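Written below as structure tokens is the structure these notes are about.
All values derive from a computational prediction rather than experimental measurement. Residue numbers start from 1 in every chain, and the chains themselves are labelled A, B, ... in the order their sequence lines are given, proteins ahead of strands.
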There are 2 protein chains.
Amino acid sequence: MLSTEGILATLTENGGRETASRRLIAQAVAGRSAAFTAQEIYEELAPRGVGRATVFRTLNLLHERGLLNRLHIGEGCHSYTLCEPQHHHHLVCVRCGCVYPFGTPGDCTVVADVQRLAVRVGFVVEGHHVEVFGRCAECLST
Amino acid sequence: MLSTEGILATLTENGGRETASRRLIAQAVAGRSAAFTAQEIYEELAPRGVGRATVFRTLNLLHERGLLNRLHIGEGCHSYTLCEPQHHHHLVCVRCGCVYPFGTPGDCTVVADVQRLAVRVGFVVEGHHVEVFGRCAECLST
DNA sequence: GGCCGAATTGAGACTCATTCTCAAAAGAAT
DNA sequence: ATTCTTTTGAGAATGAGTCTCAATTCGGCC
């Protein structure tokens with residue numbers, strides 16, 4: 001599902017079109033294991049004629065459809081991680097950006113924890129955002 | 001500790017100086033219960049001669065010292081919440097920005113959950129970021 | 001294969017938050 | 001009061017992201 005084809009399939013559902021630019025973006029995104037920024041994708045594809053706006057538009061689309069997770073770690077806002085669309089969180093290395101998913105759908109302890117408070121104050125929880133950051137084994141040894 | 005004086009005390013520790021602008025910013029920040037942006041503080045204080053750069057510098061300083069939490073909810077990145085410097089998380093209303101803190105220091109289930117995975121892959125956790133968003137009772141009824 | 005309407009595109013202008021620069025002003029220490 | 005350092009504000013600069021719009025490209029249909 002996270003292959004280039006899978007990403008394209010997501011883009012073309014609901015009558016979307018498969019275009020040359022989208023194919024290139026899907027490839028670029030699928031070929032990354034670590035977190036990446038829109039800028040990086042743009043720089044990689046600009047020589048092949050893909051415009052900045054198109055990169056942002058396409059990444060936003062993938063984010064809306066749940067294939068891309070937005071991270072807020074470190075200084076620069078907004079890096080992305082390709083991921084399965086089910087609910088989960090990420091352990092992200094602040095140095096190399098590599099990502100380990102954790103947490104299983106339907107068993108999110110974060111929500112369970114806060115639900116008591118929410119009920120008490122009459123708050124309706126719509127969602128949450130969790131990021132755990134640190135250093136991966138490889139970055140620790142370098 | 002979250003009074004104007006407490007905020008100023010934090011700013012002046014380590015040889016920092018207490019200035020007119022910082023006093024105004026401390027007051028403005030202390031007087032807010034909901035989340036706010038740097039822009040809002042700037043607009044409030046610009047007529048009194050506080051510069052934009054100073055607002056950003058001071059809010060960053062308070063963030064570094066742990067008195068201000070950065071939120072990433074909704075569209076616009078970077079709103080702030082004044083908070084006790086101990087570890088905890090926030091339940092934030094996406095409509096009015098009001099904030100309920102939750103979680104107690106030393107008992108963060110988020111870390112506990114992910115620690116097993118971290119150990120297994122040799123990852124050293126440095127910190128995490130949690131945000132739960134939704135709608136508060138008041139916003140639901142309006 | 002060629003035609004058509006709709007979706008998509010890229011270039012570049014634009015916005016807006018944030019940072020930088022730097023000379024002037026204001027604290028603190030003496 | 002003097003001096004040294006920190007802080008300041010104005011405005012320029014940066015940089016991510018968005019918008020506009022005419023030109024291009026898709027994909028279905030004949």
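A/Thr37 has no side-chain polar atom (N or O) that falls below the 4.0 Å cut-off from OP1 or OP2 of D/dA16. Proximity of B/Arg22 to the phosphate of D/dT8: a side-chain N or O atom is located under 4.0 Å from OP1 or OP2. OP1 or OP2 of D/dT18 lies within a sub-4.0 Å distance of a side-chain N or O belonging to A/Asn60. When the side-chain nitrogen and oxygen atoms of B/Thr19 are compared with OP1 and OP2 of D/dT6, none of them lie within a distance under 4.0 Å. Taking side-chain N and O atoms only, B/Thr54 has a distance below 4.0 Å to OP1 or OP2 of D/dG9.
Rounded to a whole Å, the CG atom of A/Leu61 is 9 Å from the P atom of C/dT9. Note: CG (B/Leu45) to C1' (D/dT7) measures 16 Å, nearest angstrom. For A/Arg52 and D/dT18, the CZ to P distance is 12 Å, given to the nearest whole Å. Going from atom CD of B/Glu64 over to atom C1' of C/dT18 covers 15 Å, rounded to whole Å. The nearest whole Å value for the distance from the CG atom in B/Asn14 to the C1' atom in C/dA28 is 16 Å. Atom OH in A/Tyr42 sits about 14 Å away from atom P in D/dG17, given to the nearest Å. D/dG15 atom C1' lies 14 Å from atom NE2 of A/His78, rounded to whole Å. Atom C1' of nucleotide D/dT7 and atom CG of B/Leu24 are separated by 14 Å, given to the nearest angstrom.
In the displayed structure, A/Glu138 atom CD is contacted under 6.0 Å by at most 12 heavy atoms of other residues, nucleotides or ligands.
Ring planes of A/Phe102 and A/His89: tilted class, angle from 30 to 60°. Between B/His72 and B/His78, the angle of the ring planes lies from 30° to 60°, which puts this pair in the tilted group.
Checked against C/dC20, D/dT8, D/dC19, the side chain of B/Ala53 finds its nearest nucleotide in C/dC20. For B/Phe56, the listed nucleotide lying nearest its side chain is C/dA17; candidates were C/dA17, D/dG9, D/dG17. Listed candidates were C/dA28, C/dT18, D/dG9. Nearest to the side chain of B/Glu18 is C/dA28.
B/Gly49 comes within 4.0 angstrom of the backbone, heavy atoms only, and of no base. Here B/Arg57 lies in heavy-atom contact (under 4.0 Å) with a base.
Put simply, the side chain of B/Arg22 gets close to the backbone of B/Arg17: a donor and an acceptor are under 3.5 Å apart. With hydrogens and angles ignored, the 3.5 Å screen pairs no side-chain donor or acceptor of A/Arg48 with any backbone N or O of A/Leu24.
Of the two residues near DNA chain D, A/Gly16 and A/Gln39, the one whose nearest nucleotide lies more 5' is A/Gln39.
The base of C/dA6 sits within donor-acceptor range of the side chain of A/Arg17, with an N or O pair under 3.5 Å.
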